[in-house]
Number of protein chains: 2
Amino acid sequence: MSATQEDYIKVLFELGGKSRNVSNKSVAERLELSPPTVTEMMNILVTAGYVEYVKYKGASLTDSGTRYAKHIIRKHRLWEVFLVEKLGISIDAVHREAELLEHVTGDDVADKLEVFLDYPKFCPHGGAIDFDEMDRQETELKTLSEVEVGRTVKISRIIDEEKLLMFFKTQKCDIGDILVVEDVDEQIDLITTYNKTKDQRLQLSLSISKYLFVETA
Amino acid sequence: MSATQEDYIKVLFELGGKSRNVSNKSVAERLELSPPTVTEMMNILVTAGYVEYVKYKGASLTDSGTRYAKHIIRKHRLWEVFLVEKLGISIDAVHREAELLEHVTGDDVADKLEVFLDYPKFCPHGGAIDFDEMDRQETELKTLSEVEVGRTVKISRIIDEEKLLMFFKTQKCDIGDILVVEDVDEQIDLITTYNKTKDQRLQLSLSISKYLFVETA
DNA sequence: AACATACTTTAGGTTTGCCAAAATTAATAT
DNA sequence: ATATTAATTTTGGCAAACCTAAAGTATGTT
């Protein structure tokens with residue numbers, strides 16, 4: 001598989017393609033490609049056995065495709081751990097680098113990297129490295145924007161999104177922090193929470209909070 | 001520059017393109033491509049300013065091309081050190097892995113990798129990581145096959161060539177070993193040496209000895 | 001039921017990097 | 001000087017991945 005094709009598989013996984021049909025449009029947006037290009041590639045990935053595709057409905061991953069996606073994502077996250085912990089590269093830069101490294105990493109190198117890093121459980125953004133834990137995160141995590149007012153949650157994982165990373169850096173907010181959701185105002189696109197761990201009020205835009213995954217604390 | 005183009009630049013450097021014209025044929029053989037493909041790419045690299053090309057004569061690297069080649073080779077060798085020293089991957093496997101990693105490594109990552117590895121001077125095959133030392137190796141090293149009978153030399157660097165690596169492994173021969181050249185027999189393609197460091201006779205095929213670089217001990 | 005909208009697909013075209021076959025050039029030998 | 005040989009270049013083509021424009025389909029609205 002080419003790096004290009006691996007990117008499609010990965011995006012399908014990230015958009016929930018394990019269980020539902022993912023639209024070509026959303027894949028196109030994510031990869032910054034035109035929709036026709038995506039249609040074309042989906043047919044190729046069907047032939048390769050990684051994707052099931054229903055015309056005009058969208059794509060879902062086969063078991064083989066899901067496995068493949070997890071392998072790439074594992075490599076991506078192992079490299080992120082390495083880049084942050086061993087090389088000291090800033091967390092907002094590692095994603096871009098890992099995005100490239102993931103495609104040129106043999107299974108043997110990945111396994112040995114995992115040993116060298118002493119079996120890390122999560123990447124710097126909180127994403128699971130273990131396949132089963134990936135599954136658990138997918139079923140049990142929801143975005144902060146979906147949490148009901150009054151609930152207490154733990155920040156488990158963030159999507160690498162420049163605005164959100166900036167927010168985390170300036171607000172001194174971390175993965176593992178406990179938040180109480182105090183108010184959600186769709187009108188002004190604002191969610192108000194209280195960060196118990198850091199003992200401070202935390203407000204952020206609802207649209208950005210879609211990139212922040214939490215679980216019931 | 002694409003990874004493909006970087007490979008051309010690197011091969012030109014390795015074939016001495018800094019100082020002499022390298023034939024398209026030799027580049028084609030090295031990269032396992034057809035000669036027309038090489039001709040075509042040379043024109044592209046001329047336009048990009050990395051190569052000077054004289055029709056029917058061959059290509060040489062411009063200063064810019066030479067610098068570029070060194071940057072890639074440095075990344076390649078840093079990764080090799082990492083793979084061997086930190087991950088414990090066998091020396092005959094690292095070249096292939098580094099061949100891919102070198103193209104997706106930003107300058108910042110390379111610099112921090114070098115710090116992390118504590119400024120290694122050489123890759124596991126003896127290739128220099130420092131630019132000046134690369135120059136020195138290029139001018140001062142010659143292949144074992146070129147050494148006159150009776151001379152004493154030090155093994156400085158080996159080219160990643162499966163046969164030679166196998167030979168090194170089975171013969172317990174290492175970079176740094178001191179050899180005395182006892183006999184060269186072109187007829188039977190054999191060079192006979194005495195490994196002072198290991199105190200043993202060492203015979204190898206002349207054709208393989210072209211991949212073994214030495215300097216006057 | 002007809003229409004508007006939003007998405008998907010088809011059709012035709014581009015770029016990059018590759019190839020084989022044929023023509024050209026350079027170098028060498030006669 | 002000519003002929004042979006070896007390398008290079010030209011020519012025409014192909015595949016992967018991308019694009020835009022136009023046609024087709026699904027869905028929800030009136």
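In what follows, every chain begins at residue 1, and chains take the letters A, B, ... in the order their sequences are listed. Values below: every heavy atom of this structure, side chains too, minus hydrogens, waters and symmetry copies.
- The salt bridge (charged side-chain N to carboxylate O under 4.0 Å, His left out) check on B:R157 picks up nothing, with sequence neighbours excluded.
- A:L33 comes within 4.0 angstrom of sugar-phosphate atoms only, judged by non-hydrogen atoms across all strands, and of no base.
- In this structure, CG on A:L141 lies 12.0 Å from CD1 on A:I155, to the nearest 0.5 angstrom.
- With respect to the salt-bridge test (charged N to carboxylate O, under 4.0 angstrom), the residues A:K70 and A:D135 qualify.
- Nucleotide C:dC7 holds its P atom 16 Å from the CE atom of A:M42, rounded to whole Å.
- Chain B approaches DNA chain D within less than 4.0 angstrom (heavy atoms of the protein), and the contacting nucleotides run 5' to 3' from D:dA7 to D:dT10.
- Pairs of residues two or more places apart, or lying in two chains, never qualify as salt bridge (Lys or Arg N to Asp or Glu O under 4.0 Å) while including a residue from residues 51-67 of chain B.
- For the pair B:E99 and B:K10, the salt-bridge criterion is met [side-chain N within less than 4.0 Å of a carboxylate O].
- Here B:T37 does not reach the OP1 or OP2 of C:dC18: none of its side-chain N or O atoms lies under 4.0 Å away.
- Interface residues of residues 4-14 of chain B facing DNA chain D, ordered by number: none; criterion, heavy-atom separation under 4.0 Å.
- Atoms CD1 (B:I44) and C1' (C:dT15) sit 10 Å apart, rounded to a whole Å.
- By the 4.0 Å N-to-carboxylate-O rule, A:R96 lies too far from A:E162 to be salt-bridged with it.
- Between B:R136 and B:D132, none of the side-chain N atoms (NZ, or NE/NH1/NH2) sits under 4.0 Å from a carboxylate O, so this pair counts as no salt bridge.
- Legend: residues meeting ring-ring contact (aromatic ring centres under 6.0 Å, His included) with B:H71, ordered by chain and number and at least two apart, are B:F131.
- Using a cutoff of 4.0 Å between basic side-chain nitrogens and carboxylate oxygens, A:D130 and A:R77 are not scored as salt-bridged.
- Checked against the 6.0 Å centroid criterion, the rings of B:F82 and A:F82 qualify as a close aromatic pair.
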Listing time: all N or O pairs from protein to nucleotides 9-13 of chain C that are below 3.5 Å?
residue: C:dT9; atom: OP1; partner: A:Y53; partner atom: OH; Å: 3.0
residue: C:dT9; atom: OP1; partner: A:Y56; partner atom: N; Å: 3.1
residue: C:dT9; atom: OP2; partner: A:N24; partner atom: ND2; Å: 2.6
residue: C:dT9; atom: OP2; partner: A:T39; partner atom: OG1; Å: 2.9
residue: C:dT9; atom: OP2; partner: A:Y53; partner atom: OH; Å: 2.6
residue: C:dT10; atom: OP1; partner: A:K55; partner atom: NZ; Å: 2.8

